[in-house]
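For reference, the structure discussed in these notes is given below.
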Amino acid sequence: MVPFAGYVLPIQYQGIAAEHERVRTAVGLFDVSHMGEVLFRGPKALATVQRIVTNDVAAAKPGKAVYTPVCLPTGGIVDDMIVYKEADDRLFICVNASNKDKDFRWFVEQAAGECEVLDLSDEYAQVAVQGPNAPELLARVLGEDVRGLKPFSFLKKDFRGADVIVATTGYTGEPGGEVYVPNGAASALWNRLLEAGKDLGVGPIGLGARDTLRLEMKYCLYGNDIDETTTPLEAGIGWTVKLGKGGFVGRDALLKQQREGLKRSLVAFVVEGKGIPRHEYPLFVGDRQVGHVTSGTLSPSLGVPVGLGYVDVPNDRPGTVIDVDLKGMRRAPARVVEPPLYKRP
Amino acid sequence: MAVPKDYRYTDSHEWVRIEEDNLVTVGITDYAQEKLGDIVSVELPRLGDEVERGERIGMIDSQKASSEVFAPVSGVIAEVNELLNDDPAVINSDPHEEGWIVRIEVEEIEQIDDLMSADDYEELIGRLDEEDAD
(Lines give C-alpha, C1' and ligand atoms only; values in the text may rest on other atoms or scores of the structure.)
Protein backbone atom coordinates (compact mmCIF):
# COMPACT_ATOMS: atom_id res chain seq x y z
CA MET A 1 0.00 0.00 0.00
CA VAL A 2 1.25 3.48 -0.76
CA PRO A 3 0.07 6.82 0.56
CA PHE A 4 -1.26 8.96 -2.28
CA ALA A 5 -2.52 12.50 -1.78
CA GLY A 6 -3.53 11.62 1.76
CA TYR A 7 -5.23 8.33 0.86
CA VAL A 8 -3.83 4.84 1.31
CA LEU A 9 -4.14 2.93 -1.93
CA PRO A 10 -3.04 -0.46 -3.13
CA ILE A 11 -0.59 -0.54 -6.04
CA GLN A 12 -1.72 -4.07 -6.75
CA TYR A 13 -3.99 -6.81 -5.44
CA GLN A 14 -3.04 -9.96 -7.39
CA GLY A 15 -0.36 -8.48 -9.63
CA ILE A 16 -0.38 -5.80 -12.30
CA ALA A 17 -0.41 -8.13 -15.31
CA ALA A 18 -3.30 -10.27 -14.01
CA GLU A 19 -5.35 -7.23 -13.02
CA HIS A 20 -4.71 -5.57 -16.37
CA GLU A 21 -5.88 -8.71 -18.15
CA ARG A 22 -9.02 -8.83 -16.00
CA VAL A 23 -10.04 -5.35 -17.13
CA ARG A 24 -9.30 -6.09 -20.80
CA THR A 25 -11.25 -9.37 -20.78
CA ALA A 26 -13.78 -9.29 -17.91
CA VAL A 27 -14.39 -6.48 -15.42
CA GLY A 28 -12.40 -4.72 -12.70
CA LEU A 29 -13.26 -2.42 -9.81
CA PHE A 30 -11.09 0.57 -8.99
CA ASP A 31 -11.37 2.42 -5.70
CA VAL A 32 -10.63 5.93 -6.93
CA SER A 33 -12.10 7.74 -3.95
CA HIS A 34 -8.99 9.91 -3.79
CA MET A 35 -10.21 11.89 -6.82
CA GLY A 36 -11.62 15.33 -6.05
CA GLU A 37 -15.20 16.47 -6.66
CA VAL A 38 -16.28 20.08 -7.03
CA LEU A 39 -19.76 21.46 -7.63
CA PHE A 40 -20.44 24.75 -9.47
CA ARG A 41 -23.92 25.94 -8.59
CA GLY A 42 -26.03 28.99 -9.38
CA PRO A 43 -27.60 30.86 -12.30
CA LYS A 44 -24.18 31.74 -13.71
CA ALA A 45 -22.58 28.31 -13.13
CA LEU A 46 -22.40 27.33 -16.80
CA ALA A 47 -20.97 30.66 -17.94
CA THR A 48 -18.39 30.47 -15.16
CA VAL A 49 -17.25 26.94 -15.98
CA GLN A 50 -17.22 27.79 -19.67
CA ARG A 51 -14.76 30.62 -18.94
CA ILE A 52 -12.46 28.34 -16.92
CA VAL A 53 -12.27 25.20 -19.09
CA THR A 54 -11.02 24.87 -22.68
CA ASN A 55 -13.72 22.50 -23.98
CA ASP A 56 -17.25 23.58 -24.84
CA VAL A 57 -19.54 22.67 -21.97
CA ALA A 58 -22.33 24.90 -23.29
CA ALA A 59 -22.62 22.64 -26.35
CA ALA A 60 -23.22 19.58 -24.16
CA LYS A 61 -26.76 18.61 -23.21
CA PRO A 62 -27.70 18.05 -19.56
CA GLY A 63 -26.77 14.47 -18.69
CA LYS A 64 -23.55 14.60 -20.71
CA ALA A 65 -19.96 14.47 -19.48
CA VAL A 66 -17.16 16.50 -21.04
CA TYR A 67 -13.44 15.76 -20.74
CA THR A 68 -11.50 19.01 -20.57
CA PRO A 69 -8.26 20.61 -19.53
CA VAL A 70 -8.17 23.79 -17.46
CA CYS A 71 -5.37 26.10 -18.51
CA LEU A 72 -3.32 28.96 -17.16
CA PRO A 73 -3.22 32.17 -19.22
CA THR A 74 0.05 30.75 -20.64
CA GLY A 75 -1.82 27.73 -22.06
CA GLY A 76 -0.08 25.43 -19.54
CA ILE A 77 -2.39 22.85 -18.01
CA VAL A 78 -3.62 23.40 -14.44
CA ASP A 79 -5.37 20.02 -14.49
CA ASP A 80 -7.45 17.77 -16.71
CA MET A 81 -10.91 16.75 -15.54
CA ILE A 82 -14.42 15.63 -16.39
CA VAL A 83 -17.33 18.05 -16.18
CA TYR A 84 -20.74 16.42 -15.58
CA LYS A 85 -23.42 18.80 -16.74
CA GLU A 86 -26.49 18.21 -14.61
CA ALA A 87 -28.09 21.50 -15.70
CA ASP A 88 -26.96 24.97 -16.68
CA ASP A 89 -27.02 25.94 -13.02
CA ARG A 90 -25.38 22.78 -11.69
CA LEU A 91 -22.09 21.31 -12.94
CA PHE A 92 -20.26 18.56 -11.09
CA ILE A 93 -16.53 18.26 -11.81
CA CYS A 94 -14.15 15.40 -11.05
CA VAL A 95 -10.50 16.48 -10.73
CA ASN A 96 -7.20 14.72 -10.10
CA ALA A 97 -6.39 13.85 -6.49
CA SER A 98 -2.93 15.37 -6.57
CA ASN A 99 -4.36 18.70 -7.79
CA LYS A 100 -7.59 19.02 -5.88
CA ASP A 101 -6.54 21.75 -3.46
CA LYS A 102 -4.77 23.71 -6.20
CA ASP A 103 -7.79 23.30 -8.51
CA PHE A 104 -10.26 24.39 -5.88
CA ARG A 105 -8.29 27.57 -5.15
CA TRP A 106 -8.02 28.24 -8.91
CA PHE A 107 -11.76 27.68 -9.40
CA VAL A 108 -12.71 30.02 -6.56
CA GLU A 109 -10.33 32.68 -7.83
CA GLN A 110 -11.54 32.42 -11.44
CA ALA A 111 -15.22 32.21 -10.48
CA ALA A 112 -14.79 35.54 -8.67
CA GLY A 113 -18.06 35.14 -6.80
CA GLU A 114 -20.18 34.63 -9.94
CA CYS A 115 -21.45 31.29 -8.66
CA GLU A 116 -21.03 28.92 -5.75
CA VAL A 117 -17.99 26.64 -5.87
CA LEU A 118 -18.25 23.76 -3.41
CA ASP A 119 -15.51 21.26 -2.60
CA LEU A 120 -17.33 17.93 -2.16
CA SER A 121 -14.17 15.79 -2.15
CA ASP A 122 -14.57 14.68 1.43
CA GLU A 123 -18.19 13.64 0.89
CA TYR A 124 -17.78 11.44 -2.15
CA ALA A 125 -16.09 8.16 -2.83
CA GLN A 126 -15.69 6.89 -6.39
CA VAL A 127 -15.68 3.40 -7.84
CA ALA A 128 -14.70 2.83 -11.47
CA VAL A 129 -16.17 -0.30 -13.06
CA GLN A 130 -14.31 -1.08 -16.26
CA GLY A 131 -14.13 -3.93 -18.75
CA PRO A 132 -16.24 -5.66 -21.39
CA ASN A 133 -18.51 -7.08 -18.66
CA ALA A 134 -18.83 -3.76 -16.85
CA PRO A 135 -22.08 -2.60 -18.52
CA GLU A 136 -23.75 -5.85 -17.43
CA LEU A 137 -22.47 -5.49 -13.87
CA LEU A 138 -23.56 -1.86 -13.61
CA ALA A 139 -27.01 -2.76 -14.94
CA ARG A 140 -27.36 -5.54 -12.36
CA VAL A 141 -26.44 -3.30 -9.46
CA LEU A 142 -27.80 0.11 -10.46
CA GLY A 143 -30.61 -0.66 -12.88
CA GLU A 144 -31.32 -1.62 -16.47
CA ASP A 145 -31.47 1.99 -17.69
CA VAL A 146 -27.72 2.29 -17.04
CA ARG A 147 -27.07 -0.23 -19.81
CA GLY A 148 -28.47 2.10 -22.48
CA LEU A 149 -26.22 5.03 -21.60
CA LYS A 150 -24.11 6.31 -24.49
CA PRO A 151 -20.41 7.06 -23.79
CA PHE A 152 -19.81 10.20 -21.73
CA SER A 153 -23.32 10.31 -20.30
CA PHE A 154 -24.60 9.94 -16.75
CA LEU A 155 -27.65 9.24 -14.66
CA LYS A 156 -28.54 9.91 -11.05
CA LYS A 157 -29.59 6.69 -9.38
CA ASP A 158 -30.58 5.48 -5.96
CA PHE A 159 -28.40 2.89 -4.27
CA ARG A 160 -29.89 1.75 -0.97
CA GLY A 161 -31.18 5.23 -0.23
CA ALA A 162 -28.03 7.07 -1.34
CA ASP A 163 -27.95 9.36 -4.40
CA VAL A 164 -25.23 8.14 -6.71
CA ILE A 165 -24.06 9.40 -10.09
CA VAL A 166 -23.26 6.68 -12.59
CA ALA A 167 -21.36 7.86 -15.65
CA THR A 168 -20.10 6.11 -18.75
CA THR A 169 -16.63 7.57 -18.36
CA GLY A 170 -13.34 5.89 -17.52
CA TYR A 171 -9.59 5.74 -17.85
CA THR A 172 -8.94 2.34 -19.40
CA GLY A 173 -10.34 2.33 -22.95
CA GLU A 174 -12.88 -0.33 -21.95
CA PRO A 175 -16.66 -0.02 -21.66
CA GLY A 176 -18.13 0.60 -18.25
CA GLY A 177 -18.39 3.56 -16.01
CA GLU A 178 -17.53 5.49 -12.91
CA VAL A 179 -19.85 5.74 -9.92
CA TYR A 180 -19.75 8.71 -7.55
CA VAL A 181 -21.16 7.59 -4.24
CA PRO A 182 -21.55 9.34 -0.85
CA ASN A 183 -18.97 7.96 1.60
CA GLY A 184 -21.58 6.28 3.78
CA ALA A 185 -22.75 3.98 0.98
CA ALA A 186 -19.35 3.40 -0.63
CA SER A 187 -18.30 0.14 0.98
CA ALA A 188 -21.78 -1.34 0.52
CA LEU A 189 -21.63 -0.47 -3.18
CA TRP A 190 -18.12 -1.93 -3.52
CA ASN A 191 -19.17 -5.19 -1.85
CA ARG A 192 -22.37 -5.40 -3.86
CA LEU A 193 -20.44 -5.00 -7.12
CA LEU A 194 -17.99 -7.74 -6.11
CA GLU A 195 -20.86 -10.03 -5.13
CA ALA A 196 -23.05 -9.37 -8.18
CA GLY A 197 -20.12 -9.73 -10.59
CA LYS A 198 -18.74 -13.09 -9.43
CA ASP A 199 -19.86 -14.91 -12.57
CA LEU A 200 -18.59 -12.01 -14.69
CA GLY A 201 -15.02 -12.39 -13.44
CA VAL A 202 -14.96 -9.22 -11.34
CA GLY A 203 -12.01 -8.32 -9.12
CA PRO A 204 -10.33 -5.30 -7.56
CA ILE A 205 -7.68 -3.40 -9.56
CA GLY A 206 -4.81 -1.40 -8.06
CA LEU A 207 -3.06 1.77 -9.14
CA GLY A 208 -0.39 -0.17 -11.05
CA ALA A 209 -2.80 -1.63 -13.60
CA ARG A 210 -4.73 1.64 -13.72
CA ASP A 211 -1.52 3.16 -15.06
CA THR A 212 -0.73 0.42 -17.61
CA LEU A 213 -4.33 0.47 -18.88
CA ARG A 214 -4.44 4.24 -19.41
CA LEU A 215 -0.96 4.27 -20.91
CA GLU A 216 -1.93 1.76 -23.60
CA MET A 217 -4.71 4.19 -24.61
CA LYS A 218 -2.38 7.24 -24.52
CA TYR A 219 -4.61 8.81 -21.88
CA CYS A 220 -2.57 11.53 -20.18
CA LEU A 221 -1.55 11.28 -16.54
CA TYR A 222 -1.24 14.68 -14.89
CA GLY A 223 2.23 15.21 -13.45
CA ASN A 224 3.74 12.76 -15.92
CA ASP A 225 2.51 13.58 -19.42
CA ILE A 226 0.92 16.96 -18.81
CA ASP A 227 1.55 19.77 -16.36
CA GLU A 228 1.73 23.57 -16.18
CA THR A 229 4.59 23.63 -18.72
CA THR A 230 2.72 21.69 -21.42
CA THR A 231 -0.33 22.76 -23.42
CA PRO A 232 -3.28 20.62 -24.55
CA LEU A 233 -2.21 21.16 -28.17
CA GLU A 234 1.25 19.75 -27.46
CA ALA A 235 -0.28 16.85 -25.51
CA GLY A 236 -2.33 15.75 -28.50
CA ILE A 237 -5.65 16.64 -26.88
CA GLY A 238 -6.28 19.64 -29.10
CA TRP A 239 -9.81 18.32 -29.68
CA THR A 240 -10.61 19.48 -26.14
CA VAL A 241 -9.69 23.08 -26.98
CA LYS A 242 -12.60 24.93 -28.58
CA LEU A 243 -11.05 28.20 -29.69
CA GLY A 244 -14.31 29.28 -31.32
CA LYS A 245 -16.54 28.97 -28.24
CA GLY A 246 -15.78 32.44 -26.82
CA GLY A 247 -13.34 33.70 -24.23
CA PHE A 248 -11.67 31.34 -21.74
CA VAL A 249 -8.50 31.32 -19.70
CA GLY A 250 -5.55 30.42 -21.91
CA ARG A 251 -7.32 31.05 -25.21
CA ASP A 252 -4.95 33.76 -26.48
CA ALA A 253 -1.85 31.67 -25.81
CA LEU A 254 -3.37 28.54 -27.35
CA LEU A 255 -4.56 30.45 -30.41
CA LYS A 256 -1.05 31.84 -30.84
CA GLN A 257 0.50 28.41 -30.48
CA GLN A 258 -1.92 26.98 -33.01
CA ARG A 259 -1.12 29.74 -35.52
CA GLU A 260 2.61 29.45 -35.10
CA GLY A 261 2.59 25.67 -35.22
CA LEU A 262 3.72 23.21 -32.57
CA LYS A 263 7.40 22.83 -31.79
CA ARG A 264 6.96 19.53 -29.96
CA SER A 265 4.24 17.02 -29.37
CA LEU A 266 3.40 14.07 -27.17
CA VAL A 267 3.80 10.78 -29.01
CA ALA A 268 3.25 7.12 -28.27
CA PHE A 269 6.08 4.75 -29.11
CA VAL A 270 6.89 1.06 -29.04
CA VAL A 271 10.37 -0.09 -28.01
CA GLU A 272 11.92 -2.65 -30.32
CA GLY A 273 13.55 -5.26 -28.10
CA LYS A 274 13.89 -4.89 -24.35
CA GLY A 275 14.35 -1.90 -22.08
CA ILE A 276 11.54 -0.10 -20.29
CA PRO A 277 11.25 3.63 -20.89
CA ARG A 278 10.67 5.66 -17.71
CA HIS A 279 9.68 9.23 -16.90
CA GLU A 280 12.45 11.72 -17.85
CA TYR A 281 14.62 9.32 -19.87
CA PRO A 282 16.04 11.28 -22.84
CA LEU A 283 14.94 10.49 -26.41
CA PHE A 284 17.41 10.74 -29.27
CA VAL A 285 17.44 10.75 -33.04
CA GLY A 286 21.03 9.94 -33.93
CA ASP A 287 23.26 12.02 -31.64
CA ARG A 288 20.70 14.74 -31.05
CA GLN A 289 18.34 14.74 -28.11
CA VAL A 290 14.84 15.40 -29.46
CA GLY A 291 12.77 15.01 -26.33
CA HIS A 292 12.10 12.96 -23.24
CA VAL A 293 9.92 10.16 -21.97
CA THR A 294 6.90 11.11 -19.85
CA SER A 295 5.48 7.62 -19.12
CA GLY A 296 6.54 4.07 -19.87
CA THR A 297 5.87 0.49 -18.99
CA LEU A 298 5.90 -3.04 -20.29
CA SER A 299 2.53 -3.18 -22.03
CA PRO A 300 0.68 -6.15 -20.55
CA SER A 301 -1.62 -6.36 -23.59
CA LEU A 302 1.10 -6.16 -26.23
CA GLY A 303 3.94 -7.83 -24.33
CA VAL A 304 6.43 -5.16 -25.40
CA PRO A 305 7.78 -2.02 -23.74
CA VAL A 306 5.86 1.13 -24.68
CA GLY A 307 6.04 4.77 -23.76
CA LEU A 308 4.80 8.29 -24.18
CA GLY A 309 7.05 11.28 -24.60
CA TYR A 310 7.47 14.74 -26.02
CA VAL A 311 9.57 15.00 -29.17
CA ASP A 312 10.44 17.97 -31.33
CA VAL A 313 8.54 18.10 -34.62
CA PRO A 314 8.83 16.57 -37.17
CA ASN A 315 10.03 13.55 -35.15
CA ASP A 316 6.45 13.07 -33.97
CA ARG A 317 5.45 11.47 -37.26
CA PRO A 318 4.40 7.82 -36.98
CA GLY A 319 7.19 5.56 -38.17
CA THR A 320 9.98 7.81 -36.88
CA VAL A 321 12.68 5.81 -35.12
CA ILE A 322 13.79 7.36 -31.83
CA ASP A 323 16.28 5.96 -29.33
CA VAL A 324 15.46 5.74 -25.64
CA ASP A 325 18.49 6.40 -23.46
CA LEU A 326 18.25 3.83 -20.68
CA LYS A 327 20.02 5.96 -18.06
CA GLY A 328 23.24 5.70 -20.03
CA MET A 329 23.32 1.89 -19.97
CA ARG A 330 22.24 1.54 -23.57
CA ARG A 331 20.01 3.12 -26.18
CA ALA A 332 16.94 1.14 -27.10
CA PRO A 333 15.44 1.87 -30.52
CA ALA A 334 11.73 2.67 -30.56
CA ARG A 335 9.18 3.53 -33.21
CA VAL A 336 6.62 6.33 -33.02
CA VAL A 337 3.15 4.89 -33.61
CA GLU A 338 -0.36 6.20 -34.13
CA PRO A 339 -2.24 6.00 -30.81
CA PRO A 340 -3.80 4.19 -29.12
CA LEU A 341 -1.13 1.58 -28.48
CA TYR A 342 -3.81 -1.01 -27.72
CA LYS A 343 -6.84 -1.41 -29.93
CA ARG A 344 -9.83 -3.39 -28.69
CA PRO A 345 -10.32 -6.60 -30.65
CA MET B 1 12.74 -13.86 3.57
CA ALA B 2 15.92 -15.77 2.75
CA VAL B 3 19.25 -14.22 3.82
CA PRO B 4 22.00 -16.83 3.23
CA LYS B 5 24.50 -16.75 6.10
CA ASP B 6 27.62 -17.21 4.00
CA TYR B 7 26.89 -14.25 1.69
CA ARG B 8 27.86 -10.61 2.22
CA TYR B 9 25.52 -7.68 1.55
CA THR B 10 25.30 -4.01 0.64
CA ASP B 11 22.82 -1.45 1.89
CA SER B 12 21.64 -1.12 -1.73
CA HIS B 13 20.48 -4.77 -1.57
CA GLU B 14 23.12 -6.57 -3.60
CA TRP B 15 24.60 -9.81 -2.33
CA VAL B 16 28.15 -11.11 -2.83
CA ARG B 17 29.39 -14.69 -2.66
CA ILE B 18 33.05 -15.64 -2.84
CA GLU B 19 33.64 -18.34 -5.47
CA GLU B 20 37.40 -18.66 -5.36
CA ASP B 21 40.34 -16.51 -4.31
CA ASN B 22 39.67 -13.59 -6.61
CA LEU B 23 36.22 -14.21 -8.05
CA VAL B 24 32.90 -13.16 -6.55
CA THR B 25 29.32 -13.61 -7.72
CA VAL B 26 26.89 -10.71 -7.37
CA GLY B 27 23.12 -10.62 -7.36
CA ILE B 28 20.21 -8.80 -5.75
CA THR B 29 18.65 -10.01 -2.54
CA ASP B 30 15.39 -11.80 -1.93
CA TYR B 31 14.19 -8.65 -0.17
CA ALA B 32 15.01 -6.54 -3.25
CA GLN B 33 13.32 -8.85 -5.74
CA GLU B 34 10.20 -8.94 -3.62
CA LYS B 35 10.06 -5.16 -3.42
CA LEU B 36 10.54 -4.85 -7.18
CA GLY B 37 7.84 -7.35 -8.08
CA ASP B 38 7.69 -9.14 -11.43
CA ILE B 39 11.02 -8.53 -13.17
CA VAL B 40 10.59 -8.11 -16.91
CA SER B 41 14.01 -7.15 -18.24
CA VAL B 42 17.62 -6.73 -17.17
CA GLU B 43 20.44 -4.62 -18.57
CA LEU B 44 23.84 -6.23 -18.01
CA PRO B 45 27.36 -4.76 -18.20
CA ARG B 46 29.88 -5.83 -20.86
CA LEU B 47 32.43 -8.52 -20.20
CA GLY B 48 35.79 -7.00 -19.38
CA ASP B 49 34.33 -3.71 -18.08
CA GLU B 50 36.38 -2.33 -15.22
CA VAL B 51 34.09 -1.28 -12.43
CA GLU B 52 34.60 0.71 -9.25
CA ARG B 53 32.80 -0.18 -6.07
CA GLY B 54 29.51 1.74 -5.97
CA GLU B 55 29.43 2.20 -9.74
CA ARG B 56 26.31 1.18 -11.60
CA ILE B 57 26.72 -2.13 -13.39
CA GLY B 58 23.18 -2.93 -14.46
CA MET B 59 19.50 -2.11 -14.41
CA ILE B 60 16.58 -4.23 -13.44
CA ASP B 61 13.15 -3.40 -14.78
CA SER B 62 10.05 -4.66 -13.08
CA GLN B 63 6.50 -3.89 -14.18
CA LYS B 64 6.46 -1.21 -11.46
CA ALA B 65 9.87 0.42 -11.61
CA SER B 66 13.44 0.40 -12.88
CA SER B 67 16.25 0.13 -10.41
CA GLU B 68 20.00 0.16 -10.69
CA VAL B 69 22.46 -2.51 -9.62
CA PHE B 70 25.70 -1.22 -8.10
CA ALA B 71 29.09 -2.96 -7.95
CA PRO B 72 29.63 -4.11 -4.36
CA VAL B 73 33.37 -4.43 -5.06
CA SER B 74 35.91 -3.03 -7.52
CA GLY B 75 37.20 -5.29 -10.26
CA VAL B 76 36.60 -6.54 -13.79
CA ILE B 77 33.36 -8.07 -15.08
CA ALA B 78 34.39 -11.68 -15.66
CA GLU B 79 31.01 -13.21 -16.44
CA VAL B 80 27.43 -12.07 -16.93
CA ASN B 81 24.37 -14.25 -16.45
CA GLU B 82 23.13 -14.58 -20.04
CA LEU B 83 20.15 -16.59 -18.80
CA LEU B 84 18.65 -13.32 -17.56
CA ASN B 85 18.30 -12.00 -21.12
CA ASP B 86 15.81 -14.74 -21.88
CA ASP B 87 14.30 -15.29 -18.47
CA PRO B 88 14.71 -12.25 -16.21
CA ALA B 89 12.01 -13.54 -13.84
CA VAL B 90 14.49 -16.13 -12.54
CA ILE B 91 15.68 -13.29 -10.26
CA ASN B 92 12.23 -13.45 -8.64
CA SER B 93 12.14 -17.21 -8.36
CA ASP B 94 15.74 -17.84 -7.32
CA PRO B 95 17.53 -14.59 -6.42
CA HIS B 96 20.46 -16.16 -4.58
CA GLU B 97 21.42 -18.92 -7.03
CA GLU B 98 20.14 -19.12 -10.63
CA GLY B 99 19.27 -15.44 -10.58
CA TRP B 100 22.86 -14.20 -10.07
CA ILE B 101 23.75 -11.19 -12.20
CA VAL B 102 27.53 -10.91 -12.72
CA ARG B 103 30.82 -12.38 -11.60
CA ILE B 104 33.55 -9.88 -10.79
CA GLU B 105 37.27 -10.61 -10.70
CA VAL B 106 38.80 -8.62 -7.89
CA GLU B 107 42.39 -7.74 -7.15
CA GLU B 108 41.96 -7.58 -3.41
CA ILE B 109 39.42 -9.92 -1.95
CA GLU B 110 39.77 -8.06 1.38
CA GLN B 111 37.24 -5.51 0.04
CA ILE B 112 34.64 -8.05 1.06
CA ASP B 113 35.33 -7.29 4.70
CA ASP B 114 33.74 -3.85 4.29
CA LEU B 115 30.38 -5.39 3.30
CA MET B 116 27.58 -6.29 5.66
CA SER B 117 27.23 -9.68 7.28
CA ALA B 118 23.99 -11.64 6.94
CA ASP B 119 23.05 -10.64 10.49
CA ASP B 120 23.62 -6.96 9.80
CA TYR B 121 21.63 -7.17 6.59
CA GLU B 122 18.76 -8.90 8.30
CA GLU B 123 18.69 -6.14 10.86
CA LEU B 124 18.65 -3.56 8.04
CA ILE B 125 15.66 -5.05 6.24
CA GLY B 126 13.85 -5.54 9.52
CA ARG B 127 14.25 -1.83 10.15
CA LEU B 128 13.12 -0.93 6.61
CA ASP B 129 10.01 -3.06 6.96
CA GLU B 130 9.18 -1.33 10.24
CA GLU B 131 9.52 2.06 8.55
CA ASP B 132 7.24 0.86 5.76
CA ALA B 133 4.64 -0.21 8.28
CA ASP B 134 4.59 3.24 9.89
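Bear in mind the structure is a predicted one, so any value in this text is a computation, not a measurement. Just so it is clear: chains get the letters A, B, ... in the order the sequence lines come, proteins before strands, and each one is counted from 1.
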Taking it one step at a time, do E178(A) and I82(A) satisfy side chain to side chain contact (heavy atoms under 4.5 Å, CB included)? CA-CA 11 Å; E178(A) 295 174 306; I82(A) 296 179; 4.2 Å; yes
Does R24(A) make a cation-pi contact with Y342(A), if we ask for NZ or CZ under 6.0 Å from the ring centre and within 45° of the axis? yes
May I ask you to check if R214(A) and Y219(A) form a cation-pi contact, with NZ or CZ under 6.0 angstrom from the six-membered ring centre and within 45° of the axis? no
Can you find a side-chain donor-acceptor pair between S33(A) and D31(A) that sits under 3.5 Å? yes
Establish, from distance only, whether the side-chain atoms of Y67(A) and D80(A) form a donor-acceptor pair under 3.5 Å. yes
Identify the residues of residues 13-40 of chain B whose heavy atoms come closer than 4.5 Å to a heavy atom of chain A, ordered by number, or report 'none'. V40(B)
Which bit of I276(A) comes within less than 4.5 Å of chain B, counting heavy atoms only: side chain, backbone, both or neither? both
Heavy-atom distances under 4.5 Å only: say whether S66(B) touches chain A with side chain, backbone, both or neither. both
In Å, rounded to the nearest 0.5 Å, how long is the span from CD1 of I77(A) to OG1 of T229(A)? 9.0 Å
Could you check whether R331(A) makes a cation-pi contact with F284(A), meaning its NZ or CZ is under 6.0 Å from the centre of the six-membered ring and within 45° of the ring axis? yes
